[in-house]
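Okay, so here's the structure we're looking at.
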Amino acid sequence: MAKSISDKIDELKTGVEWFYSDDFKLEDASGKYKTMTELAKEIEKDLAELKNEIKVIEEDFSK
Amino acid sequence: MENAQQVYSVSDFQAVCNQIMETAFTGVIVEGEVASYKINQGKYVFFDLKDAQSSVGCFMMVYGLRFPIEDGMRVRVRAVPKLTNWGKFSLTVQAIAPVGEGSIKKSLEMLKKKLTAEGLFDPAKKRPLPDKIAKIGVISSTQAAGYADFCKILNERWGGLTVLTAHTQVQGMVAADQIIRALNYFNERGEVDVIAVIRGGGSADDLAVFNDEALVRAIAASKIPVITGIGHEVDESLCDLAADVVASTPSNAAQMLTKDKRAIAENVRADIKRINNLLNTKIDEITEANRQEIVRVYQEIVRKIDSVKNEIAGQKKILDQLNPERVLERGYALIRGDIKLGNDISITMSKQEIEAKITNIRER
């Protein structure tokens, strides 16, 4: 199942927090940074493509 | 003469009159001032509607009262004219609403007091907007500028939402019932996460529908959280007080219902920039720490070399002091040979080598 934008934003947030955590390792940082950059691009693309679906209900509320 | 004309019984005449009036006035709207207002048996409402010259009696059922009414109030009624069995002309009122700033305000105050006492506006009953909104039920007129503003801001700020719009009138005497039906529609289906009641700005008369008692009660009773975006910032209706969340305008309602995708995109870019800077800082810190460690190790090596050098110098000094040449330089001589009278010996001094013969030996 494709990840939602919210899921991706949460993943990015967790990824960013890793850089500030005690788990940070320089040898892993470059790979993580690349992953985060790709994720950020994906989020921006998803945001740009998001469209709302607006439907007017056919029900007649005057009756 | 009598033979040529229709002769009616009284009842028939009254029935024909009513038929003609019903055909002529399918729903006449009359505006005037209320007088002699009373409710009989808790069910039947009677009052006169008058102006400077005329007065007409009115009748309605108490459940049709959507606004508190009292004598002196200016109202507009939608009614069917009727000739009663007693020959009295009256209006059977289908709907009534106060008109004019003074009457609307007075009616509003009375209703607000009543509904407040019932706890309809209790802040403790308010529900927050859901964290994740996927479907929004909108109740508005699709022709209204407020609805267009709402959709525009919604589309600018966020996407991926399903918006189901119930098109209703948003002003006039029939609007309240239409909006109530739309609220019931969404509540019965339960498919939307939130209901937004939207209407742009207007006069007090235009917005009076949002002080309709039945509508206010329907909003307060909604199982689905309701947000109102009605009128301008200065307008506050009883529907606003009954809603879970109040937006100042339709645009503001759209803002409150959505995240801002441009702000999110900016935050995402800022996050990446931040970790990029952090990574560079960490690399700089580690590089600096390594540089300092190299300097420290180098200095330690130099110190150890100096220490060894000093030790060697000390040893050399001791060796120097033990060197026989140094002893000779202090004036001593080295004698080689068998020390017996008449023997030849060699004497080594600092600057000379001497060959000598022993001519005398004396004990010390």
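Chain letters run A, B, ... following the sequence lines, proteins first, then strands; residues in each count from 1.
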Derivation and outcome, salt bridge (Lys or Arg N to Asp or Glu O under 4.0 Å), residues B/Glu288 and B/Arg291:
CA-CA 5 Å; B/Glu288 176 61 17; B/Arg291 195 190 65 76; 3.0 Å; yes
Under a 3.5 Å threshold, yes or no: a donor from one side chain and an acceptor from the other, between [X] and [Y]?
{"X": "B/Asp284", "Y": "B/Thr287", "result": "no"}
{"X": "B/Asn187", "Y": "B/Ser222", "result": "yes"}
{"X": "B/Gln255", "Y": "B/Asn252", "result": "yes"}

Please state whether the side chain, the backbone, both or neither of [X] comes within less than 4.5 Å of a heavy atom of chain B.
{"X": "A/Ser4", "value": "neither"}
{"X": "A/Ile54", "value": "both"}
{"X": "A/Lys51", "value": "backbone"}
{"X": "A/Leu39", "value": "neither"}

Go through the structure and list residues passing ring-ring contact (aromatic ring centres under 6.0 Å, His included) with A/Tyr33, not counting sequence neighbours.
none
A/Glu17: which residues meet the side-chain hydrogen bond (donor to acceptor under 3.5 Å, both in side chains) condition with it, sequence neighbours left out?
none
Would you please name every residue forming a side-chain hydrogen bond (donor to acceptor under 3.5 Å, both in side chains) with B/Glu156, sequence neighbours left out?
B/Lys152
How far does [atom1] of [X] sit from [atom2] of [Y], to the nearest 0.5 angstrom?
{"X": "A/Glu44", "Y": "B/Ile264", "atom1": "CD", "atom2": "CD1", "answer": "11.5 Å"}
{"X": "A/Ile43", "Y": "A/Glu11", "atom1": "CD1", "atom2": "CD", "answer": "8.0 Å"}
{"X": "B/Ile198", "Y": "B/Tyr147", "atom1": "CD1", "atom2": "OH", "answer": "10.0 Å"}

Structural part of [X] lying under 4.5 Å from a heavy atom of chain A:
{"X": "B/Asn267", "value": "neither"}
{"X": "B/Leu154", "value": "both"}
{"X": "B/Lys261", "value": "both"}
{"X": "B/Thr142", "value": "side chain"}
{"X": "B/Arg274", "value": "both"}
{"X": "B/Lys259", "value": "side chain"}
{"X": "B/Ile272", "value": "both"}
{"X": "B/Leu278", "value": "side chain"}

Of all the residues in residues 18-26 of chain A, which have a heavy atom that comes within less than 4.5 Å of a heavy atom in chain B?
A/Phe19, A/Tyr20, A/Phe24, A/Leu26
Top residue by heavy-atom pair count (under 4.5 Å) with chain B, among A/Asn52, A/Leu50, A/Ile57?
A/Asn52
Answer yes when B/Glu31 and B/Arg76 have at least one side-chain N-carboxylate O distance shorter than 4.0 Å, and no when they do not.
yes
Find the one option among B/Gly137, B/Gly160, B/Cys151 whose heavy-atom pairs under 4.5 Å with chain A are most numerous.
B/Gly160
For the pair B/Thr26 (side chain) and B/Glu22 (backbone), establish whether a donor and an acceptor sit closer than 3.5 Å, ignoring hydrogens and angles.
no
Taking the side chain from B/Asn211 and the backbone from B/Leu238, do they hold a donor-acceptor pair closer than 3.5 Å?
yes
